[in-house]
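I have placed the structure first, in the form of structure tokens, so that the comments after it can refer back to it.
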Amino acid sequence: MEPKNQYEKEYSFEFFPPRSAEAEELLVNTSDMLAALNPLFFSVTFGADGTSRDKTRETVMNLKVRTGIESAPHISCIGSTRENIRGIIEDYRIQGIRRIVCLRGDMPSGMMDVGEFRYANELVEFIRQETGSYFHIEVAAYPEMHPQAPNIEADFQNFKRKIDAGANGAITQYFYNADAYFRFRDACDKSGIDVPITPGIMPIGNFFQISRFSEACGAEIPRWMRKRFEYFGDDRESVHSLSVELISGLCQRLLDNDVPGLHFYTMNRSHLVRRIWDNLDLK
Ligand SMILES: Cc1cc2nc3c(=O)[nH]c(=O)nc-3n(C[C@H](O)[C@H](O)[C@H](O)COP(=O)(O)OP(=O)(O)OC[C@H]3O[C@@H](n4cnc5c(N)ncnc54)[C@H](O)[C@@H]3O)c2cc1C
């Protein structure tokens, strides 16, 4: 396959709201370091438990003011009413936020009421109804299938609903198998989806943590890769070097095959992202 070159590459970095003074300081250092790479935007996650809604807003505003980089809040709709969401988007509009990441989110355990939105496509549709084309809306994509979907085709059709509802682009769940991304992108091409699908990249800082998380979110860690990480056990330095080597290889393969850019799940740390970045041919 001849590499295509459709996109000017754009880069973005994702953070979560810090929960302590120490974590806040870490995020300041991380975001300052990553701002120097001149990304298109930062994004900040939104907890489904409701407690971090204000923290998402506060983190977004701090990032925007301190670094001057466009900062995008994630908005999840599960458990929310139309009135809640209306208030949130109106507030962001007043604050001059133009880019948002729209998600369904996950129900916190013990919570029974899904609220007035069942799926992310309904959230996108509502925001478009309320605010027209004001916001640039990103949604989530799952090249290896969302874990609750009945099958890959149904999941793909559900993804398409979000684009049809007016999303401008998608960021994928992280993956370690580039072919899963290419298959997903081919499916998009075939069904006329022409928005950028940006790969989400998760550097591996703690293999056992990522391994547990991957089982829950349906991201596959190939056996050969698992074996290589397991071999290093708790040897952090070797795990990090292997992570930098493998993730740099994954990113370079994606970049050589016309991805629109890369979105890094930073876990509020810059050291691995920086080492990966330095390995890439980003001209
Ligand atoms: C880039 C990215 C950022 C994220 N950020 C956050 C965050 O900040 N906060 C957070 O809590 N979580 C976040 N998540 C996780 C996400 O909230 C979960 O994966 C959640 O389970 C699904 O959210 P969604 O927006 O993809 O849901 P949806 O697109 O609504 O899909 C959820 C499930 O429902 C199915 N489905 C969708 N629409 C329909 C329909 N109309 N009818 C029937 N079935 C349907 C889908 O196939 C899928 O199985 C993020 C994920 C990604 C990839």
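For ligands, and for the atoms within them, numbers begin at 1 and follow the listed sequence. Along the sequence shown, the residues carry numbers beginning at 1. Predicted, not measured: the structure shown is a model, and the values here were computed from it.
- Between Arg118 and ligand 1, no pair of N/O atoms sits closer than 3.5 Å.
- At a threshold of 4.5 Å between non-hydrogen side-chain atoms, the residues Asp32 and Thr67 count as touching.
- With contacts defined as side-chain heavy-atom distances shorter than 4.5 Å, the pair Ile88/Phe46 qualifies.
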Quiz item: How far apart are the C-alpha atoms of Phe15 and Phe42, what are their side-chain angles, what is the distance that settles it, and do they pass the ring-ring contact (aromatic ring centres under 6.0 Å, His included) test?
Solution: CA-CA 7 Å; Phe15 305 122; Phe42 290 142; 5.0 Å; yes

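- In this structure, Tyr174 falls outside the shell of residues with a heavy atom less than 4.0 angstrom from ligand 1.
- For ligand 1, the polar-atom distance check finds an N/O of His74 within less than 3.5 Å of one of the ligand's N/O atoms.
- Taking each of Ala216, Pro150, Gly105, Ala141 in turn, the one with a heavy atom nearest to atom 12 (N) of ligand 1 proves to be Gly105.
- A salt bridge is defined here as a Lys NZ or Arg NE, NH1 or NH2 lying under 4.0 Å from an Asp or Glu carboxylate O, and Arg128 with Glu125 fails to meet this definition.
- Using a distance-only test at 3.5 Å, with no hydrogens or angles considered, no donor-acceptor pair links the side chain of Ser71 to the main chain of Ser43.
- You'll find the ring centres of Phe184 and Phe156 inside the 6.0 Å limit.
- Interface of Gln148 with ligand 1, defined as ligand atoms under 4.0 Å from a residue heavy atom, comprises 49 (O).
- Atom numbering of ligand 1 starts at 1 in the shown order; those under 4.0 Å from a heavy atom of Tyr265 are 1 (C), 2 (C), 53 (C).
- Of all the listed residues (Arg104, Gln173, Lys162), Lys162 holds the heavy atom that lies closest to atom 29 (O) of ligand 1.
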Practice problem: May I have the step-by-step check of side chain to side chain donor-acceptor pair (under 3.5 Å) for Ser12 and Arg99, ending in yes or no? | Solution: CA-CA 12 Å; Ser12 48; Arg99 181 185 291 266; over 6 Å; no

Quiz item: Between Met225 and Leu242, is a side-chain contact (heavy atoms from CB on, under 4.5 Å) present by the stated rule, with each step listed?
Solution: CA-CA 10 Å; Met225 201 169 146; Leu242 180 60; over 6 Å; no

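- With ring centers used as reference points, His263 lies under 6.0 Å from Tyr265.
- Taking every non-hydrogen atom of Asn121 and a distance limit under 4.0 Å, the qualifying atoms of ligand 1 come out as 38 (N), 41 (N).
- Atoms of ligand 1 lying under 4.0 Å from at least one heavy atom of Ala140, given by number and element, are 26 (O), 52 (C), 53 (C).
- Ligand 1 has an N or O atom lying under 3.5 Å from an N or O atom of Asp106, backbone or side chain.
- Considering backbone and side-chain N/O of Glu14, none are found under 3.5 Å from N/O of ligand 1.
- For ligand 1, the polar-atom distance check finds an N/O of His146 within less than 3.5 Å of one of the ligand's N/O atoms.
- The neighbour count for Arg86 CZ, taken as heavy atoms of other residues, nucleotides or ligands under 6.0 Å away, is above 12.
- Close contacts between ligand 1 and Arg161 involve ligand atoms 40 (C), 41 (N) [criterion: under 4.0 Å to a heavy atom].
- Screening Leu27, Thr45, Asp54, Asn268 for a side-chain contact (heavy atoms from CB on, under 4.5 Å) with Thr59, the sole residue that qualifies is Leu27.
- Using a 4.0 angstrom heavy-atom cutoff, Val101 does not count as in contact with ligand 1.
- Below 3.5 Å of separation, one finds an N or O of Ala120 facing an N or O of ligand 1.
- The distance from ligand 1 to the heavy atoms of Asp155 drops below 4.0 Å at these ligand atoms: 46 (C), 47 (O), 48 (C), 49 (O).
- Not a single heavy atom of Phe156 sits closer than 4.0 Å to an atom of ligand 1.
- Checked by distance only, ligand 1 and Ile171 stay at 3.5 Å or farther apart across all their nitrogen or oxygen atoms.
- Set against the non-hydrogen atoms of Ala149, the atoms of ligand 1 under 4.0 Å away are 47 (O), 49 (O).
- Between Tyr142 and ligand 1, a contact under 3.5 Å exists for at least one N or O pair.
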Quiz prompt | Trace of the salt bridge (charged side-chain N to carboxylate O under 4.0 Å, His left out) decision for Glu245 with Arg228 | solution = CA-CA 12 Å; Glu245 177 199 326; Arg228 288 193 68 186; 3.7 Å; yes

